[in-house]
There are 2 protein chains.
Amino acid sequence: MDKRTHIINTALTAFYQKGIHAVGINEILKESGVAKKTLYNHFVSKDELICACLEARDKRFNHWLNDRLKNCDTPFEIASALFGSLSIWIDNKAIELGDFNGCFFINTAAEFPHSDHPIAILCSAHKKAVLQLLFDKLSQTTQFKSKSEKAKQLAQLLMTLKEGMICQARVMHSSNQLLQDPLLLRQLVQSYIPKPLQDADFSVS
Amino acid sequence: MDKRTHIINTALTAFYQKGIHAVGINEILKESGVAKKTLYNHFVSKDELICACLEARDKRFNHWLNDRLKNCDTPFEIASALFGSLSIWIDNKAIELGDFNGCFFINTAAEFPHSDHPIAILCSAHKKAVLQLLFDKLSQTTQFKSKSEKAKQLAQLLMTLKEGMICQARVMHSSNQLLQDPLLLRQLVQSYIPKPLQDADFSVS
DNA sequence: CCAAAAGTAGACCGACTTGTCTACACGCAA
DNA sequence: TTGCGTGTAGACAAGTCGGTCTACTTTTGG
């Protein structure tokens, strides 16, 4: 494997599991079996390595989520697939994402409070990308075609619930099973869908 | 002021604004104008100081939230007051809580991934206390009297939304204005209230 | 085939970390 | 007065941090 990629993968795993400040360069070197000079040949500093890890994680997570939502055609299906996927991740059944330890971007942002720091900017960008993904998915449904305002609002709500679910699972070690309840989910989604289309959504899903 | 309290207040502000690992003992000493021996006379280690800060923050936050919810008599009022209060906090208008920098407990938990670490346990305990506070409040309403199962579920949902709202505000620098919308909020709350009581809730709030 | 590039191993630097310890000052109570 | 508790000021220990550098080896491409 590419040395650079190997270093990123090793560093990402360590950073995600233990936190950025808790993992030193030397630990990454030992774990990856790479010389210090090699690392600093690929990355000018630890910060740059962190940024590369964030980009790699962003790519991996978005790909995973996009894949999980690819067969969803209604808002309800999207919401259901979203929370189902999160639950799978939390239960350590999403091997692509590694052992669950909360959201890497929320965790990392907590360690870099300055909002104009490159690392904080990448964390923010990831969240915006996920929100955009949800919005795009919802916009493609027949229920939300040319109702982008409503799609935007539901995407925002799903996003907030997603973040909350991940944080709760990380801190309290208990996920919100409620969001797996089809009845509640249907009611949540329903409130955003224009009246004439609600039945259509019901019959399909 | 009590030396010990003074140290805790100084440390708490620094830890909350910059993150735990980013703040050294010496910085706290300089800021508080206290000698190193004095600090180590009150706290055996940095970890113990961190724990004292978490306890102080837990007390302060719970008191603040409890105060903000004290005049709420219906589930809708509780939800409305909750998200309104969070919005005030995020907009830096809750002086008791200091400059908003996300949830101190989520941030801190991100820096201490081992779930059996005393610090992580305190973070988890805080979240459980807040959830309990919401549950108690909801249980006291006429709509949820002796419907503790439903109250539990709504408390759980509100908690998830709260965590999500705080995380989004922290990472994306944009709060979810949606949760301030009375219409949406009413629909959210409504789905948990047993049918015969819904109108009662509506007429009161 | 040979030079350039990219790798390894690890000593080393200065700055920083938590935590200990000495030396000294002040206030209070017996 | 004496002695104790609590405070200050800061040197110091022992270790870690990110990052640089030397010396040497391996890989690779023209």
Side-chain angles (χ1 to χ4, degrees), chain A residues 1-56 104 107-114 117-120 122-123, chain B residues 1-56 107-114 117-120 122:
Chain A
M1 189 200 303
D2 183 6
K3 283 277 173 195
R4 185 188 160 91
T5 310
H6 176 58
I7 294 170
I8 290 175
N9 284 342
T10 309
L12 176 52
T13 303
F15 285 151
Y16 179 48
Q17 293 303 324
K18 306 182 187 179
I20 308 267
H21 288 312
V23 175
I25 291 288
N26 294 310
E27 185 179 333
I28 296 168
L29 296 176
K30 195 177 172 188
E31 186 70 25
S32 63
V34 139
K36 197 174 258 193
K37 184 133 200 188
T38 305
L39 189 148
Y40 279 100
N41 198 26
H42 286 288
F43 309 95
V44 304
S45 66
K46 187 186 182 183
D47 274 17
E48 200 179 281
L49 172 59
I50 297 168
C51 286
C53 288
L54 287 167
E55 281 160 11
F104 184 49
N107 296 351
T108 301
E111 297 199 55
F112 294 85
H114 292 307
H117 191 292
I119 291 174
L122 283 179
C123 293
Chain B
M1 192 199 302
D2 183 7
K3 284 275 172 195
R4 185 187 159 92
T5 310
H6 177 58
I7 294 170
I8 290 176
N9 285 341
T10 309
L12 177 52
T13 302
F15 285 152
Y16 179 47
Q17 294 303 324
K18 306 182 186 179
I20 308 266
H21 287 312
V23 175
I25 290 288
N26 294 312
E27 186 179 333
I28 296 168
L29 297 177
K30 195 176 172 187
E31 186 71 26
S32 62
V34 140
K36 196 174 258 193
K37 185 132 199 187
T38 305
L39 189 149
Y40 279 99
N41 198 26
H42 286 289
F43 308 96
V44 305
S45 66
K46 187 186 183 183
D47 274 17
E48 200 178 280
L49 173 58
I50 297 168
C51 287
C53 288
L54 288 167
E55 280 161 12
N107 296 351
T108 301
E111 298 198 54
F112 294 84
H114 291 307
H117 192 292
I119 291 174
L122 283 179

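Worth saying up front: this structure is predicted, and the values here are computed from it rather than measured. Note that these values count all heavy atoms, side chains included, but never hydrogens, waters or copies made by symmetry. To find a chain, count down the sequence lines: A is the first, B the second, and so on, and within it residues start at 1.
Ring geometry for Phe112(A) versus His117(A): interplanar angle of 30 to 60°, hence tilted.
An angle of 0°, rounded to 10°, separates the two end axes of the helix from dC1(C)-dG30(D) to dA30(C)-dT1(D), each defined over five pairs.
Spacing between atom CZ of Arg4(A) and atom P of dA6(C) amounts to 13 Å, rounded to whole angstrom units. Put simply, NE2 on His21(B) is 13 Å from C1' on dT18(C), counting in whole angstrom units. As rounded to whole Å, 13 Å separates atom C1' of dT20(C) from atom CG of Leu29(B). Look at CD1 on Ile7(B): it is 13 Å from P on dT6(D), rounded to the nearest Å. Counting to the nearest Å, the C1' atom of dT20(D) and the CZ atom of Phe43(A) are 18 Å from each other. Put simply, CD1 on Ile20(B) is 11 Å from P on dT18(C), counting in whole angstrom units. For the pair Ile28(A) CD1 and dG19(D) P, the interatomic distance rounds to 11 Å; values are reported in whole Å. Look at NZ on Lys30(B): it is 18 Å from C1' on dT18(C), rounded to the nearest Å.
Considering only the side chain of Lys46(A), dG18(D) comes nearest among dA9(C), dG18(D), dT8(D). In the set dG7(C), dG19(C), dT20(D), dG7(C) carries the atom at the smallest distance from any side-chain atom of Lys3(A). Relative to the side chain of Asn41(A), the nucleotides dG19(D), dT8(C), dA6(C) differ in distance, and dA6(C) lies closest. Each of dC21(D), dG7(C), dT8(D) was ranked by its minimum atom distance to the side chain of Lys37(A); first place goes to dC21(D).
For Glu31(A), the CD atom sits in a loose shell: 12 or fewer heavy atoms of surrounding residues, nucleotides or ligands are nearer than 6.0 Å.
Contact annotation: Thr38(B) does not reach the phosphate of dG7(D) (side-chain N/O to OP1 or OP2, under 4.0 Å).
A distance-only check finds a donor-acceptor pair linking the side chain of His6(B) to the backbone of Ser32(B) [under 3.5 Å]. Not one N or O on the side chain of Thr38(A) forms a donor-acceptor pair closer than 3.5 Å with the backbone of Val34(A). Under the 3.5 Å distance criterion, the side-chain polar atoms of Glu111(A) are left unmatched by any main-chain donor or acceptor of Gly19(A).
Using a 4.0 Å heavy-atom cutoff across all strands shown, Asn26(B) reaches at least one base atom of the nucleic acid. Within the nucleic acid shown, Val23(A) comes within 4.0 Å of sugar-phosphate atoms alone, with no base atom in reach, counting heavy atoms only. The residue His42(A) sits close only to the backbone: its heavy atoms come under 4.0 Å of sugar-phosphate atoms, none of a base.
Residue side chain Lys36(A) does not reach the base of dG10(C) through any donor-acceptor N/O pair under 3.5 Å, judged by distance alone.
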*List the steps, then state whether side chain to side chain donor-acceptor pair (under 3.5 Å) holds for Asn26(B) with Lys36(B).*
CA-CA 8 Å; Asn26(B) 294 312; Lys36(B) 196 174 258 193; 3.1 Å; yes
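Considering CD1 of Ile7(A) and CG of Leu12(A), their distance stands at 13.5 Å, rounded to 0.5 Å.
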